[in-house]
Amino acid sequence: MSTAIPAFEPGDVPPDARVAVVAARFNAHIVDELLAGCLRRLNELGIDDRRVKAYRVPGAFELPVAAKALARTGRFSAIICLGCVVRGDTPHFVYVAGEAASGIQRVALDECLPVIFGVLTTNTEQQALDRTGGAHGHAGERAAEAAAEMIAVLGRAAREVAG
């Protein structure tokens with residue numbers, strides 16, 4: 001695993017940026033911590049609670065459709081998808097993780113909107129816990145940073161095109 005996490009300075013995030021966070025209920029003890037870290041970091045980056053709306057869905061498989069519906073409202077500058085899929089004894093993991101990833105990416109490309117993949121796909125529950133504030137950092141916080149950075153990048157690109 002790479003530990004070279006890029007630094008981000010939130011200076012270019014517009015003061016009216018709004019973020020939707022879609023979090024799966026499956027593996028709630030892990031996803032709840034991803035959500036808490038994500039919301040905490042968004043606040044630290046200057047995107048306060050009034051500009052963040054959280055939604056819950058059953059599992060990671062349902063993240064893309066919720067993200068698509070939220071994207072189509074036109075109300076959000078970014079959407080963060082949070083979930084946790086832990087490998088089991090059947091191929092279920094492959095289907096759920098793969099379809100969640102491709103669906104989230106498709107929404108981002110179709111809507112030309114940052115839709116952040118904050119879904120842990122791990123072999124064990126311990127690996128997931130290590131990524132919620134443990135040995136491998138906090139994936140919820142990283143998802144918040146990715147959203148803020150992409151909001152800033154797309155905002156700069158739009159200003160350059162316009163001006």
Side-chain angles (χ1 to χ4, degrees), residues 1-25 30-85 96-122 128 131-133 136-163:
M1 181 192 124
S2 174
T3 57
I5 298 168
F8 168 65
E9 294 299 323
D12 286 342
V13 176
D16 62 344
R18 294 179 46 94
V19 176
V21 182
V22 185
R25 288 185 292 105
I30 294 167
V31 180
D32 288 351
E33 179 52 38
L34 289 173
L35 179 59
C38 180
L39 297 175
R40 181 176 56 248
R41 188 66 179 130
L42 286 170
N43 271 277
E44 292 169 358
L45 294 169
I47 304 172
D48 62 42
D49 292 340
R50 292 171 295 151
R51 296 188 290 138
V52 177
K53 179 73 175 158
Y55 300 86
R56 297 308 286 253
V57 296
F61 197 80
E62 291 76 30
L63 292 168
V65 72
K68 181 80 166 188
L70 292 166
R72 288 188 169 179
T73 70
R75 295 180 54 219
F76 300 103
S77 305
I79 299 168
I80 300 169
C81 296
L82 302 174
C84 177
V85 185
V96 172
E99 293 303 321
S102 64
I104 290 167
Q105 181 64 41
R106 191 170 81 227
V107 173
L109 294 173
D110 289 352
E111 302 297 326
C112 196
L113 183 75
V115 182
I116 307 304
F117 184 76
V119 179
L120 297 177
T121 56
T122 61
R131 287 154 180 81
T132 57
H136 294 289
H138 201 295
E141 293 174 1
R142 300 296 83 79
E145 291 167 359
E149 185 168 0
M150 288 303 296
I151 291 168
V153 167
L154 294 183
R156 281 193 308 271
R159 287 190 302 275
E160 288 172 4
V161 169

| task | Under the side-chain hydrogen bond (donor to acceptor under 3.5 Å, both in side chains) rule, collect the residues that match up with Arg56, sequence neighbours excluded. | result |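 Only Asp32 meet the side-chain hydrogen bond (donor to acceptor under 3.5 Å, both in side chains) criterion with Arg56.
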| message | Test of understanding: with side-chain hydrogen bond (donor to acceptor under 3.5 Å, both in side chains), list the residues that count as partners of Arg25, not counting sequence neighbours. | response |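 Applying side-chain hydrogen bond (donor to acceptor under 3.5 Å, both in side chains) to Arg25 gives none.
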Write down the atom of [X], the atom of [Y], and the distance for their closest heavy-atom approach.
{"X": "Ala60", "Y": "Ala24", "value": "N-CB, 3.7 Å"}
{"X": "Ile80", "Y": "Ala144", "value": "CD1-CA, 3.9 Å"}
{"X": "Ala128", "Y": "Ile30", "value": "CB-CD1, 3.6 Å"}
{"X": "Ala23", "Y": "Val31", "value": "CB-CG1, 3.9 Å"}
{"X": "Leu35", "Y": "Ala54", "value": "CD1-CB, 4.5 Å"}
{"X": "Arg41", "Y": "Glu145", "value": "NE-OE2, 2.7 Å"}

Mind checking the [atom1]-[atom2] spacing from [X] to [Y]? Nearest 0.5 Å is all I need.
{"X": "Leu113", "Y": "Met150", "atom1": "CG", "atom2": "CE", "value": "9.5 Å"}
{"X": "Asn43", "Y": "Cys38", "atom1": "CG", "atom2": "SG", "value": "10.0 Å"}
{"X": "Ser77", "Y": "Leu154", "atom1": "OG", "atom2": "CG", "value": "9.5 Å"}
{"X": "Glu99", "Y": "Arg106", "atom1": "CD", "atom2": "CZ", "value": "8.5 Å"}

| task | Give the intermediate values and the outcome of side chain to side chain contact (heavy atoms under 4.5 Å, CB included) for residues Leu120 and Thr132. | result | CA-CA 9 Å; Leu120 297 177; Thr132 57; 4.0 Å; yes
Side chains of [X] and [Y]: does their closest heavy-atom pair fall under 4.5 Å?
{"X": "Leu39", "Y": "Val21", "result": "yes"}
{"X": "Ile104", "Y": "Leu63", "result": "yes"}
{"X": "Arg131", "Y": "Thr122", "result": "yes"}
{"X": "Ile116", "Y": "Cys81", "result": "no"}
{"X": "Leu42", "Y": "Asp49", "result": "no"}

Are there over 12 heavy-atom neighbours, none belonging to [X], within less than 6.0 Å of that residue's [atom1]?
{"X": "Arg156", "atom1": "CZ", "result": "yes"}
{"X": "Arg50", "atom1": "CZ", "result": "no"}
{"X": "Phe117", "atom1": "CZ", "result": "yes"}

| Are Ile151 and Val19 close enough, and set up right, to give a side chain to side chain contact (heavy atoms under 4.5 Å, CB included), and what steps lead you there? | CA-CA 9 Å; Ile151 291 168; Val19 176; 3.9 Å; yes
| query | Checking side chain to side chain contact (heavy atoms under 4.5 Å, CB included) for the pair Val52/Asp48: CA distance, chi angles, key distance, verdict? | reply | CA-CA 7 Å; Val52 177; Asp48 62 42; over 6 Å; no
| task | Measure from the side-chain N and O atoms of Arg51 to the backbone N and O of Pro15, and report whether any donor-acceptor pair falls under 3.5 Å. | result |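 Pair found, side chain donor or acceptor close to backbone of Pro15.
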| query | Quick check: does any side chain N or O of Glu62 sit under 3.5 Å from a backbone N or O of Gly59, one acting as donor and the other as acceptor? | reply |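 Answer holds: yes.
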| Given the rule in the side chain to side chain contact (heavy atoms under 4.5 Å, CB included) test, do Val119 and Leu82 qualify, once you have shown the distances and angles that lead to the verdict? | CA-CA 5 Å; Val119 179; Leu82 302 174; over 6 Å; no
For residues 67-74, please give each side-chain donor-acceptor pair under 3.5 Å, one per line with the distance, not counting sequence neighbours.
unit_1	atom_1	unit_2	atom_2	d
Lys68	NZ	Glu111	OE2	3.0
Thr73	OG1	Leu70	O	2.7
Thr73	OG1	Arg75	N	3.2

